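One structure is given here, and the rest of the page talks about it.
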Amino acid sequence: MDNEVAITGIGLFLPDINDPEALWQAWCQGDSKLTRAHTGIITEFVPEAQLKGRIPARVGNKLDNFSKFALIASERAMSDAKLPIDNLDKDKVGVFVGNVFGGWQYTDRELRNLHCEGPRAVSPFQATAWFPAAAQGQISITHGFKGYSKTYMCDRSSSLHSISDAAYHIGQGHIDVAIAGGTECINTDFVLAALAQTSEYTGRGEFNPFSKQSNELGFTEGAVFFVLESKRAAQSRGATIYGYLGDSANATQPTDADKYTRAEQPFIRNFKALGAQPDVILPDACGLYDVDKAEALAISELYPNSNVAVPKRIFGHGLGFEGALDVACACLLLKHQSLPKGELENAFTQLTAQSKNLKDNIDQILINTASLGGAISSLIIKKGTSL
């Protein structure tokens with residue numbers, strides 16, 4: 001199809017992970033670095049040393065870390081894609097960003113200044129540093145991109161929406177190229193306290209999605225971005241194609257605003273709407289037993305022959321970039337045509353009592369994400385032609 005959208009660049013900025021190969025190795029090693037923070041939340045943070053020297057001080061002083069993460073990851077995506085930025089029509093390049101909390105690390109500090117020293121101690125950049133669309137704006141300003149752009153805030157589905165929407169606007173001819181993904185910084189007392197106050201947080205037990213012992217969520221921070229462009233444009237410039245964006249679907253089974261759905265129906269509706277038979281599924285993998293059970297039953301009913309891989313067991317939930325991280329993992333599965341060791345016998349089998357064998361080829365991968373309030377989002381990633 002002429003309107004197929006290709007993934008031609010991957011950019012990562014995650015705790016101690018700076019490129020796709022490092023992500024693949026960490027997944028293959030299967031050694032999670034998630035630990036319990038002082039607030040009780042299971043999480044992993046980006047070391048400050050990893051940021052050192054990557055953003056000029058005169059720019060960095062105006063930005064929260066979530067925007068810094070996004071700037072670094074998006075630039076890495078463009079470099080990976082060998083995107084000819086100077087030759088692009090900047091009016092036809094869009095920026096699509098998933099985010100949940102905005103810049104609360106910056107805000108935490110400035111509110112303390114306000115409380116302790118008064119209004120004159122507050123940075124004038126407070127408003128623009130916190131604003132959830134700040135990352136989108138900074139990427140656009142830095143590179144002069146002026147095409148249709150948008151920021152998405154829909155809990156753990158945020159970046160899956162940013163990517164699928166970016167593909168839609170390329171397919172419709174509204175833009176030629178999209179920088180799409182997500183970013184999140186949670187290393188601040190305010191955000192950790194907010195996460196701990198959600199009714200879905202237990203503060204006890206373990207985070208091991210699809211295990212009967214799992215009853216908690218684990219979180220991480222960082223950013224994941226992609227360069228998306230039409231198949232024709234990518235092929236005409238000889239770009240490496242990691243994969244293609246397939247169909248997407250969204251469904252809702254209303255529940256309390258601060259809870260995830262425990263019903264199979266929204267998963268099943270999405271699967272039927274996609275009409276695909278994926279070789280591998282990267283599930284939402286919430287970590288709460290009842291939520292995982294609903295997803296597992298839906299997968300077993302619609303896709304009994306599909307393999308299930310759960311990178312979130314290693315990396316945790318990325319909130320604003322969560323779906324994007326799964327898209328990156330999907331691209332690596334397509335490239336390597338294999339599952340990391342241990343995924344064929346992962347904890348998913350504890351709920352389904354099914355063990356599967358990997359097919360000869362991985363051609364289609366289904367990604368699921370969930371949002372508080374009962375929404376489910378799904379996206380298909382298909383095999384590229386030039387890996």
Side-chain angles (χ1 to χ4, degrees), residues 13-16 34-75 95 97-143 149-156 158 182-199 201 203 217-223 225 257-258 316-321 372:
F13 190 77
L14 304 170
D16 297 318
L34 295 170
T35 57
R36 200 173 291 276
H38 65 283
T39 56
I41 294 289
I42 295 175
T43 190
E44 184 181 8
F45 303 128
V46 171
E48 281 297 323
Q50 196 173 333
L51 271 171
K52 189 175 181 180
R54 301 198 180 273
I55 301 289
R58 66 180 183 82
V59 176
N61 290 338
K62 306 174 185 178
L63 305 179
D64 183 85
N65 274 4
F66 94 106
S67 290
K68 296 177 185 178
F69 297 167
L71 277 173
I72 296 168
S74 60
E75 288 178 359
V95 180
V97 181
N99 178 249
V100 176
F101 283 105
W104 273 99
Q105 191 177 70
Y106 199 103
T107 301
D108 235 352
R109 183 189 69 211
E110 298 308 316
L111 289 181
R112 292 175 194 274
N113 291 343
L114 175 65
H115 177 73
C116 297
E117 302 179 46
R120 291 187 178 278
V122 178
S123 168
F125 299 109
Q126 161 57 40
T128 53
W130 169 83
F131 191 47
Q136 171 201 317
Q138 288 297 329
I139 295 170
S140 299
I141 292 168
T142 300
H143 301 285
S149 303
K150 198 169 185 178
T151 294
Y152 301 78
M153 299 177 66
C154 36
D155 195 44
R156 297 192 291 103
S158 298
T183 183
E184 201 74 60
C185 173
I186 61 172
N187 190 8
T188 170
D189 289 342
F190 177 87
V191 172
L192 293 175
L195 291 172
Q197 288 301 311
T198 65
S199 66
Y201 170 71
L217 281 71
F219 300 95
T220 189
E221 64 179 5
F225 277 83
D258 58 351
H317 292 296
L319 295 166
F321 69 90
L372 290 170

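On a predicted model such as this, the values are computed, not experimentally measured, just so you know.
Shown here are the side chain to side chain donor-acceptor pair (under 3.5 Å) partners of Thr128, two or more places apart in sequence or in another chain: there are none. Qualifying side chain to side chain donor-acceptor pair (under 3.5 Å) partners for Gln50, counting only residues two or more places apart in sequence or in other chains: Asn18. With sequence neighbours excluded, the residues forming a side chain to side chain donor-acceptor pair (under 3.5 Å) with Gln136 are Thr151, listed by chain and number. In this view, Ala135 and Phe66, Ser67, Ala70, Val97, Thr183 satisfy the side-chain contact (heavy atoms from CB on, under 4.5 Å) rule, not counting sequence neighbours. By the side-chain contact (heavy atoms from CB on, under 4.5 Å) test, Leu51 is found to be paired with Phe13, Glu48, Asn65, Lys68, Phe69, Ile72, residues two or more places apart in sequence or in another chain being considered. Legend: residues meeting side-chain contact (heavy atoms from CB on, under 4.5 Å) with Thr35, ordered by chain and number and at least two apart, are absent. Every residue two or more places apart in sequence or in another chain was checked for a side chain to side chain donor-acceptor pair (under 3.5 Å) with Asp64, and none qualifies. Every residue two or more places apart in sequence or in another chain that forms a side-chain contact (heavy atoms from CB on, under 4.5 Å) with Thr220 is listed here: Pro15, Glu44, Phe321.
No donor-acceptor pair under 3.5 Å is formed between the side chain of Tyr106 and the backbone N or O of Ala127. A distance-only check finds a donor-acceptor pair linking the side chain of Glu184 to the backbone of Val100 [under 3.5 Å].
Residues Leu14 and Val46 have side chains not in contact (no heavy-atom distance under 4.5 Å, counting atoms from C-beta outward).
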Let me check something: any side-chain donor-acceptor pairs from residues 187-194 under 3.5 Å, sequence neighbours excluded? List them with distances.
residue, atom, partner, partner atom, Å
Thr188, OG1, Asp108, OD2, 2.3
Asp189, OD1, His38, NE2, 3.1

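To the nearest 0.5 Å, the span separating CZ on Phe101 from CD1 on Ile186 amounts to 8.0 Å. Here CG of Leu71 is found 6.0 Å from CD of Glu75. Values are rounded to the nearest 0.5 Å. Expressed to the nearest 0.5 Å, how far SG of Cys185 lies from CZ of Phe45 amounts to 8.5 Å. From Asn99, atom CG reaches atom CE of Met153 across 6.0 Å, with rounding to the nearest 0.5 Å. How far CG of Leu195 is from NE2 of His317: 11.0 Å, rounded to the nearest 0.5 Å.
When every heavy atom of Trp104 is checked against every heavy atom of Leu111, the shortest pair comes out as CZ3-CD1, 3.9 Å. Nearest heavy-atom pair across Ile42 and Leu217 is CB-O, 4.0 Å. Here the closest heavy-atom approach between residue Val95 and residue Ser140 is recorded as CG2-OG, 3.5 Å. Among all heavy-atom pairs drawn from Val59 and Leu63, the shortest one is O-CG, 3.4 Å.
Annotation: salt bridge (charged side-chain N to carboxylate O under 4.0 Å, His left out) contacts involving residues 52-62, sequence neighbours excluded, are absent. Applying the salt bridge (charged side-chain N to carboxylate O under 4.0 Å, His left out) definition to pairs two or more places apart or across chains, none involves residues 123-136.
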